[in-house]
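For reference, the structure discussed in these notes is given below.
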Amino acid sequence: MPFLGQDWRSPGWSWIKTEDGWKRCDSCSQELRSENSQCTINHSIILNNGEEEIFSNECEYAAKKRKKEHFGNNTAAHSFYREKWIYVHKESTKERHGYCTLGEAFNRLDFLSAIQDIRRFTYVVKLLQLIAKSQLTSLSGVAQKNYFNILDKIVQKVLDDHQNPRLIKDLLQDLSSTLCILVRGVGKSVLVGNINIWICRLETVLNWQQQLQNLQMTKVNSGLTLSDLPLHMLNNILYRFSDGWDIVTLGQVTPTLYMLSEDRRLWKKLCQYHFAEKQFCRHLILSEKGHIEWKLMYFTLQKYYPTKEQYGDTLHFCRHCSILFWKDYHLAWLLKDSGHPCTAADPDSCFTPVSPQHFIDLFKF
């Protein structure tokens, strides 16, 4: 019997659940029609001239997908796991079948609470950045959805408290580059999910970038400011930074901070902290007077060698139990709790801090 009506592949009418039963949502449909009439993504950015005809209708399909997901997001809240530890097994045994993947670890560990902790925020952002660069397509559909949900929470947090905007801009830049490559190379790589979903994600990332670009820092008109502090305290603040870009950014605030940020001893100490002396000899930069340009040396060496990563708190891995976990320092001090059910006689000796790259390497088989 032929189907007379809308295309069976379309999402159909939109319904919401009420106390009296299911009702069709007409008001939301009209709102979404106005949003779908304009596509914010510029296809010339991600497609070549010869490919534009192939993807001419992608924006329309992506709009239908957004419409369908809009009601799904309203009817059911996103579910996040809040587990503090997971068992990392790479092969099947008599006791355990299967293995733990990167997507499963990302789904089950409590990253949602971690981004609210100032000690763990930078660590989670760096981990998301590494996943965006090389591991995004290896995530399952659920893991990808959680990835973008957590990223949405991070962006909203930065827009609200105006902290770490540069860190998130770098993350979104790497993510948008990866998504452009995936959309351009559709058919050449295996994507989990429909191509329209990936176009929607790219559109969302571009929207986030625009919001961060328009972010205006609020000025504090009352109370103590950096300009009121003595020079030796300002100098001590600069010496606490481990990132050269943070020093450059702070130096743009006032002429006094700019003068302190150009101190040769400051950049010399920063180079000695991140790089070895053998690396200095390979990329030595001298001024006209014969002095070493430590500031230029730092940014030059940064292009060739990785800098030391510094985090307030990280995930930990127990070598005895093969468990990856968040360590709660309050419980560890009060209740002598290691953060997971460890059976070792001396649990602290088995713990290893896990860097973001180490986290990725744990799930490479």
Straight-line distance of [X] [atom1] to [Y] [atom2], nearest 0.5 Å:
X: Leu102; Y: Ile360; atom1: CG; atom2: CD1; answer: 5.0 Å
X: Lys268; Y: Asp263; atom1: NZ; atom2: CG; answer: 11.0 Å
X: Trp198; Y: Leu182; atom1: CH2; atom2: CG; answer: 5.5 Å
X: Asn236; Y: Leu260; atom1: CG; atom2: CG; answer: 10.5 Å

Sub-3.5 Å donor-acceptor pair from the side chain of [X] to the main-chain atoms of [Y], do we have one?
X: Asp152; Y: Phe148; answer: no
X: Asn164; Y: Leu167; answer: no
X: Arg319; Y: Ser349; answer: yes
X: Tyr147; Y: Leu128; answer: yes
X: Asn235; Y: Leu231; answer: no
X: Thr307; Y: His274; answer: no
X: Asn214; Y: Gln210; answer: yes
X: Tyr305; Y: Gln279; answer: no
X: His316; Y: Phe325; answer: no
X: Trp267; Y: Ser261; answer: yes

Side-chain heavy-atom pair [X], [Y] within 4.5 angstrom cut-off:
X: Leu175; Y: Leu202; result: no
X: Tyr298; Y: Lys295; result: no
X: Val248; Y: Asp246; result: no
X: Leu324; Y: Phe317; result: yes

Does [X] belong to the same Ile/Leu/Val/Met/Phe/Trp/Tyr cluster as [Y], with side-chain heavy atoms less than 4.5 Å apart forming each link?
X: Tyr258; Y: Trp245; result: no
X: Leu257; Y: Ile237; result: yes
X: Tyr239; Y: Met259; result: yes
X: Ile118; Y: Tyr123; result: no
X: Tyr87; Y: Phe351; result: yes

Notebook entry, point to check: Do Gln357 and Asp361 have side-chain N/O donor and acceptor atoms under 3.5 Å apart?
Noted result: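 Their side chains do contain a donor-acceptor pair, which is all the 3.5 Å distance test asks for.
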
Next item on the list: Could you tell me whether the side chains of Ser355 and Glu309 share a donor-acceptor contact shorter than 3.5 Å?
Entry: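 The criterion, which ignores hydrogens and geometry beyond distance, is not satisfied for Glu309 and Ser355.
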
Check: Should we count CD of Gln116 as having more than 12 external heavy atoms under 6.0 Å?
Finding: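 It does: Gln116 CD has more than 12 such atoms within range.
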
Next item on the list: Look at atom OH of Tyr273 and say whether more than 12 heavy atoms of other residues, nucleotides or ligands are closer to it than 6.0 Å.
Entry: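 Correct, the count exceeds 12.
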
Check: Would you say the ring centroid of Trp294 lies under 6.0 angstrom from that of Phe280?
Finding: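 Aromatic pair counts; centres sit under 6.0 Å.
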
Notebook entry, point to check: Do the two ring centres, one from His283 and one from Phe275, sit under 6.0 Å apart?
Noted result: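 No, the ring of His283 stays outside the 6.0 Å limit from the ring of Phe275, centre to centre.
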
